[in-house]
Amino acid sequence: MKRCQLLCLFFFTALLISTDAAKGGGGRGGGRRTGGRLYKSRMPILIPHRNPASANYYENKDGARIVKASHFELDYMLGRKITFFCMATGFPRPEITWLKDGIELYHHKFFQVHEWPVGNDTLKSKMEIDPATQKDAGYYECQADNQYAVDRRGFRTDYVMITY
């Protein structure tokens, strides 16, 4: 019986989302149109009941949290500069690590990271790639972590070619 209820809930939710997308989005939360497709994020995420130890970890007031970050989708021109920004807070001050397609990025002559500590609990980080090539397209993440928590934000990039 429980399996049937879950399947019914899934299909009902999918029907609501597809019906809303067919109407053109609108409403609270809106939608984002990219390449002719409409992306919606209105489906609630159900989190199972957490035990006190995991709640203390995930909801720790001193845990690393990304409080400001670049937009999450960027089209760049070949030969130009790509820049992403990430600001994290926590106590102790979090460290910020940059990743591309799940792999940590290291400094090289076309890739630079600039960091600015703010107070005792905040770190600003800016990642730059200059000049950008086709190989720089992908999924970038900034990861902030301290002894209490880890937080991530992702940014998708792709290059555009302008023809005259």
Colleague: Name the residue from Arg153, Lys100, Arg152 that meets the side-chain contact (heavy atoms from CB on, under 4.5 Å) definition with Glu141.
Modeller: Arg152

Colleague: Is the count of non-hydrogen atoms from other residues, nucleotides or ligands lying under 6.0 Å from Arg93 atom CZ greater than 12?
Modeller: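 Yes, CZ of Arg93 has more than 12 neighbouring heavy atoms, counting only those of other groups under 6.0 Å.
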
Colleague: From Asn60 CG over to Gln147 CD, what is the distance, rounded to the nearest 0.5 angstrom?
Modeller: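 If we round to the nearest 0.5 Å, Asn60:CG and Gln147:CD are 8.5 Å apart.
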
Colleague: Calculate, to the nearest 0.5 Å, the distance between atoms CG and OH belonging to Asp62 and Tyr148 respectively.
Modeller: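 So the CG of Asp62 and the OH of Tyr148 are separated by 5.5 Å.
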
Colleague: Taking the side chain as every heavy atom from C-beta outward, state whether Tyr76 and Thr157 have any atom pair closer than 4.5 Å.
Modeller: yes

Colleague: Please report the shortest heavy-atom distance between Thr122 and Thr89, naming the atom on each side.
Modeller: OG1-OG1, 3.5 Å

Colleague: Given the side-chain rings of Phe155 and Phe84, with only the six-membered ring counted for Trp, is the space between their centroids under 6.0 Å?
Modeller: yes

Colleague: Is it true that atom CZ of Phe111 has more than 12 heavy atoms of other residues, nucleotides or ligands lying nearer than 6.0 Å?
Modeller: yes

Colleague: How far apart are the closest heavy atoms of Cys142 and Ile96, and which atoms are they?
Modeller: CB-CG2, 4.2 Å

Colleague: Looking at side-chain heavy atoms only, is the closest gap between Leu123 and Glu95 below 4.5 Å?
Modeller: no

Colleague: Tyr140 versus Leu105: any side-chain heavy-atom pair under 4.5 Å?
Modeller: yes

Colleague: May I ask you to test the Pro131-Lys81 pair for a side-chain heavy-atom distance under 4.5 Å?
Modeller: no

Colleague: Contact between Ile82 and Asp136 at the side-chain level, heavy atoms closer than 4.5 Å - yes or no?
Modeller: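 SC-SC contact between Ile82 and Asp136 confirmed.
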
Colleague: Grab the two heavy atoms, one from Tyr159 and one from Ala137, that are nearest each other, plus how far apart they are.
Modeller: CD2-CB, 4.2 Å

Colleague: Would you check if Asp145 and Pro94 make a side-chain contact, meaning some heavy-atom pair closer than 4.5 Å?
Modeller: no

Colleague: Can you tell me how far apart CE (Met127) and OG1 (Thr97) are? Round to the nearest 0.5 Å.
Modeller: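 The CE atom of Met127 sits 12.5 Å away from the OG1 atom of Thr97.
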
Colleague: I want to check something: taking the side chain as every heavy atom from C-beta on, are Met87 and Ile66 in contact at a cut-off of under 4.5 Å?
Modeller: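 Contact flag for Met87/Ile66 side chains = no.
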
Colleague: Are side-chain heavy atoms of Asp130 and Phe110 found at a separation under 4.5 Å?
Modeller: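 The answer is no; the side chains never approach within 4.5 Å.
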
Colleague: With the 4.5 Å side-chain cut-off for hydrophobic clustering, are Ile129 and Met161 part of the same group?
Modeller: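 Yes, one cluster joins them.
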
Colleague: Do Val118 and Phe85 land in one hydrophobic cluster if side-chain heavy atoms of ILVMFWY residues count as linked below 4.5 Å?
Modeller: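 No; tracing contacts between hydrophobic side chains, which count when under 4.5 Å, never links both residues.
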
Colleague: Locate the shortest heavy-atom distance separating Pro92 from Asn146; write the atom from each residue and the value.
Modeller: O-ND2, 3.0 Å

Colleague: Regarding Arg156 and Glu73, does a basic nitrogen lie under 4.0 Å from an acidic carboxylate oxygen?
Modeller: no

Colleague: Atom NZ in Lys124, atom NZ in Lys68: separation rounded to 0.5 Å?
Modeller: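 Spacing of NZ (Lys124) from NZ (Lys68) equals 6.5 Å.
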
Colleague: Say whether Tyr139 and Tyr106 are linked into one hydrophobic cluster, either directly or through other cluster members, by side-chain heavy-atom distances under 4.5 angstrom.
Modeller: no

Colleague: Around atom CG of Asn120, are there more than 12 heavy atoms of other residues, nucleotides or ligands at under 6.0 Å?
Modeller: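 Atom CG in Asn120 is not packed in, count stays at 12 or less.
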
Colleague: Going by distance alone, is a donor N or O of one side chain under 3.5 Å from an acceptor N or O of the other, for Ser125 and Trp116?
Modeller: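 The answer is no; no qualifying pair exists.
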
Colleague: If you count the non-hydrogen atoms of other residues, nucleotides and ligands that lie under 6.0 Å from CD in Glu128, is the total more than 12?
Modeller: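 Count over threshold, so yes.
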
